[in-house]
Structure formats: C-alpha cells, structure tokens
Chemist: 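I'd like to ask you about the structure that follows.
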Amino acid sequence: MKHKIPKSHPRYESLITREMLVEAFEKGVVVPQGLIAHGRGECFDYLIGERTIPPADEAAKAAAAALLLAEHPIISVNGNTAALAARDVVRLAEVVGAGIEVNLFYRSREREEAIARVLRESGAAEVLGVGEDASATIPELHSERRRVSPRGILVADVVLVPLEDGDRVEALERMGKRTIVIDLNPLSRSARMGSITVVDNVIRAIPNIARHAEALKGLPKEELERIVEEYDNNRVLGDVLRYICGRLRELSRIDLKRMEEYEV
Ligand code: ATP
C-alpha cells in the first residue's frame, strides 16, 4: 500500500478500505464514480455502527437459503466489489455453487479484463461476462448494465447483486429473477426493488452469507423454502430504519466524545 496507515489509528479499518479502493482505481478496476459511491456507503455504515445489525443478519440468512435453493445462481461483480471482496465472492460461489459474472455500468474491455484478473487471482476458475461472452441483453435496460452472459445472468434464477443500480434490479425482477441486493443505503432504489436486501457493508455481508450457507447446507429443501417464504423484505427494511432511528436516539443522549465506551 502506498500510504502506511498506523494500526493504532482509531479509524484504521476504514482508512485501509479507502486505500484498497484507491489502489484498485489506479489499476483500472474501480472508476472515479465508484469512489463517490463508496463515500455514500461509508455514511450509512456510520449510521448502523459499522457492524452487521440484526435485520441485515436476517436478510443474509434468507439470501443464503435462496442461493442454496437456486438452480442457477450467479454472483454479479462490479469494480468496488472486486476491490473489496474478491476472495469472499469466490468463497461464497464455492459454498453455494454459483457462477461469477462481471457486470459494469461503466464498461470497457480493459476494465472487464482487469476485474476478471482480480477474481482469477483470488481463485475463480471461470469468470463470465467478459468480452464477447457478454453478448445477451436484458430487455428495457439502456445502460451498459444490460449486457450479460447467455450462460450467466441471462439464464440465472437467483442473482446476487452487490452495489447495484436500481434500474437493473428492477429489470432483473421483471424478468422473473430473484435478486439479492447488498447496499448500505436502505433507501436506495436497489434496496427497495430487490427481493432480499442485505443492508450491510459488502466486506461483512458476503462472508456472512457464506457462513449462513454453510450452516444451512445440510437442511432439507422444504426447510430452506420455508426460510425464503417467511422472509419479508419490506418489514426488514423497516426494521433497518427503526434500528437507525433507535441508535440515533440513544446516541443523542450520551457524551459523543466518549462514544466508543458505550454499546450503541
Ligand atoms: P439506486 O439507483 O439504487 O438508488 P444509487 O444511485 O445510490 O442507487 P450508486 O451510485 O450506484 O447507486 O451507489 C451505490 C450504492 O452502494 C450506494 O447506495 C451506497 O450506499 C452503496 N455502497 C457503497 N459502498 C458500499 C459497500 N462497501 N457496501 C455496501 N454498500 C455500499
């Protein structure tokens, strides 16, 4: 890393994450707009206390069950996800038997290749959606996000879409696919349009979904179906907002200079 961050820095992890993104930006994996999107995510992460909150864990469990039940699950990867969670994506794909596909709003051949390289270096045997492989299109979608692999997202029944834009989530849902969104902003269009929304940082969410998948793997199909059927995304998003309101209410009563000493 170009800038050495002292381990003792109170915001060490957050600063390391920024360094990872800047490095990925210099390698052509992340676009400048991705850095801005990260800033928005950081803000919401502060609001939830930079940890996996109970409604996010509930969503992660339902996501794991949906991925295990899927006939053709696909994990869609963009620049920020590759920069922050490439190894975790590969691990999750192994646990649930999913394919991995590059899908970008700001698409260029060089960027597709750079992201595929990061994924392969992290252990991915196959990366879909690169070059001519992204030859199919999602109907009614006009951004570069519409280009997908005919062996991947086009034929998938469940698509995990971390850090997605709302339009594509909506288009995938219209095609009858179940989408699992990871987004720190519970109010984004993606968060509201998805079938299952995990309001958590991709850095925590992807390994957490993998942990749940490992625990659920041995269960009978009916049990997994019950978890997915009983899951209510609207209620869970409401729980996230209530959690944030409650936390802010608690924080407003304490000495903010000593915030770390309190369990809020
Ligand atoms: P929409 O079209 O869904 O309303 P948007 O315009 O906010 O979304 P983008 O600009 O693509 O979409 O932003 C990406 C989203 O990713 C933001 O909502 C941001 O909160 C979220 N985000 C950024 N970094 C992370 C991260 N590390 N983990 C989870 N979510 C993140």
Side-chain angles (χ1 to χ4, degrees), residues 59-78 81-82 85-86 88-104 107 112 115-116 119-120 122-141 144-165 167-182 190 193-198 202 205-229 231 233:
K61 184 176 174 186
L67 285 166
L68 287 171
L69 281 170
E71 287 203 357
H72 195 48
I74 291 286
I75 305 176
S76 173
V77 177
N78 70 351
T81 306
D88 296 319
V89 164
V90 174
R91 169 97 193 93
L92 175 62
E94 277 166 11
V95 178
V96 300
I100 300 176
E101 177 165 342
V102 175
N103 187 272
L104 306 172
R107 204 181 249 281
E112 292 169 13
I115 292 170
L119 289 163
R120 276 196 296 269
S122 301
E126 189 181 28
V127 181
L128 300 166
V130 179
E132 285 71 48
D133 187 48
S135 58
T137 46
I138 300 177
E140 297 168 54
L141 193 64
E144 281 297 293
R145 286 277 211 195
R146 73 184 184 283
R147 292 175 48 194
V148 293
S149 167
R151 296 181 294 137
I153 291 172
L154 187 75
V155 290
D157 51 350
V158 175
V159 192
L160 174 63
V161 282
L163 319 193
E164 189 57 62
D165 59 288
D167 274 16
R168 193 169 73 121
V169 174
E170 208 175 354
L172 291 172
E173 287 280 330
R174 261 204 310 272
M175 287 170 83
K177 299 178 192 303
R178 180 174 272 153
T179 58
I180 300 166
V181 173
I182 300 174
S190 326
M193 295 298 158
S195 299
I196 298 171
T197 303
V198 183
V202 272
I206 296 181
N208 195 31
I209 296 172
R211 258 192 306 276
H212 277 294
E214 272 181 334
L216 294 175
K217 228 173 172 178
L219 291 186
K221 195 169 168 239
E222 300 72 49
E223 194 62 25
L224 297 177
E225 279 167 351
R226 195 185 53 77
I227 293 170
V228 176
E229 270 157 32
Y231 179 82
N233 207 40

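Throughout, numbering of the chain's residues begins at 1 and tracks the sequence.
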Chemist: Is there a donor-acceptor contact under 3.5 Å from the side chain of Lys177 to the main chain of Leu154?
Modeler: yes

Chemist: Between Asp165 and Arg145 (salt bridge meaning N to carboxylate O under 4.0 Å), is one present in this structure?
Modeler: yes

Chemist: Examine distances only and state if a side-chain atom of His72 and a backbone atom of Arg151 form a donor-acceptor pair shorter than 3.5 Å.
Modeler: yes

Chemist: Using modelled atom types and a 3.5 Å cut-off, is there a donor and acceptor pairing between side-chain atoms of Lys61 and backbone atoms of Leu216?
Modeler: no

Chemist: Which pair of non-hydrogen atoms, one from Arg147 and one from Gly131, has the smallest distance, and what is that distance?
Modeler: NH2-O, 4.2 Å

Chemist: Check whether any side-chain heavy atom of Glu140 lies under 4.5 Å from a side-chain heavy atom of Glu170, and answer yes or no.
Modeler: no

Chemist: Please test Val77 against Val127 for side chain to side chain contact (heavy atoms under 4.5 Å, CB included), starting from the C-alpha separation and ending with a verdict.
Modeler: CA-CA 10 Å; Val77 177; Val127 181; over 6 Å; no

Chemist: Give a yes or no on whether the backbone of Val169 and the side-chain of Thr179 come within a donor-acceptor separation of less than 3.5 Å.
Modeler: no

Chemist: Quick check: do Leu172 and Leu141 have side-chain heavy atoms less than 4.5 Å from each other?
Modeler: no

Chemist: Kindly give the heavy-atom pair with the smallest separation between Val102 and Ala116, and that separation in Å.
Modeler: CG2-N, 4.4 Å

Chemist: Of Thr81, Leu92, Val89, Val96, which is the lone residue that meets side-chain contact (heavy atoms from CB on, under 4.5 Å) with Leu160?
Modeler: Leu92

Chemist: Given side chains that start at C-beta, do those of Ser76 and Ile153 come closer than 4.5 Å, heavy atoms only?
Modeler: yes

Chemist: Work out which heavy atom in Ile196 is nearest to a heavy atom in Ala59; give both atom names and the distance.
Modeler: CG2-O, 3.4 Å

Chemist: I'd like to know whether Val198 forms a side chain to side chain contact (heavy atoms under 4.5 Å, CB included) with Asn208, so could you lay out the CA-CA distance, the side-chain angles of the two residues, the decisive distance to 0.1 Å, and finally the verdict.
Modeler: CA-CA 10 Å; Val198 183; Asn208 195 31; over 6 Å; no

Chemist: Minimum heavy-atom separation for Ser195 to Tyr231, with atom names?
Modeler: O-CE2, 3.8 Å

Chemist: For Leu68 and Lys217: C-alpha separation, side-chain torsions, deciding distance, then whether side chain to side chain contact (heavy atoms under 4.5 Å, CB included) applies.
Modeler: CA-CA 7 Å; Leu68 287 171; Lys217 228 173 172 178; 4.0 Å; yes

Chemist: Would a 4.5 Å heavy-atom cut-off, applied to side chains only, mark Arg168 and Val148 as touching?
Modeler: yes

Chemist: For the pair Glu101 (side chain) and Ile74 (backbone), establish whether a donor and an acceptor sit closer than 3.5 Å, ignoring hydrogens and angles.
Modeler: no

Chemist: Does Glu223 come within less than 4.0 Å of Lys221, counting only side-chain N to carboxylate O?
Modeler: no

Chemist: How close do Ala213 and Val95 get, counting heavy atoms only, and between which atoms?
Modeler: CB-CG1, 3.7 Å

Chemist: Can you measure from CG (Leu69) to CG (Asp157) and round to the nearest 0.5 angstrom?
Modeler: 9.5 Å

Chemist: Short question: side chain of Glu112, backbone of Arg107 - any donor-acceptor pair under 3.5 Å?
Modeler: no

Chemist: Calculate, to the nearest 0.5 Å, the distance between atoms CD1 and CD belonging to Ile100 and Glu94 respectively.
Modeler: 8.0 Å

Chemist: For a quick test of reading the model, state the closest non-hydrogen atom pair linking Pro162 to Asn78 and the distance between them.
Modeler: O-ND2, 4.3 Å

Chemist: Would a 4.5 Å heavy-atom cut-off, applied to side chains only, mark Asp133 and Glu126 as touching?
Modeler: no

Chemist: Is the backbone of Gly129 close enough, under 3.5 Å, to the side chain of Asn103 for a donor and an acceptor to pair up by distance?
Modeler: no

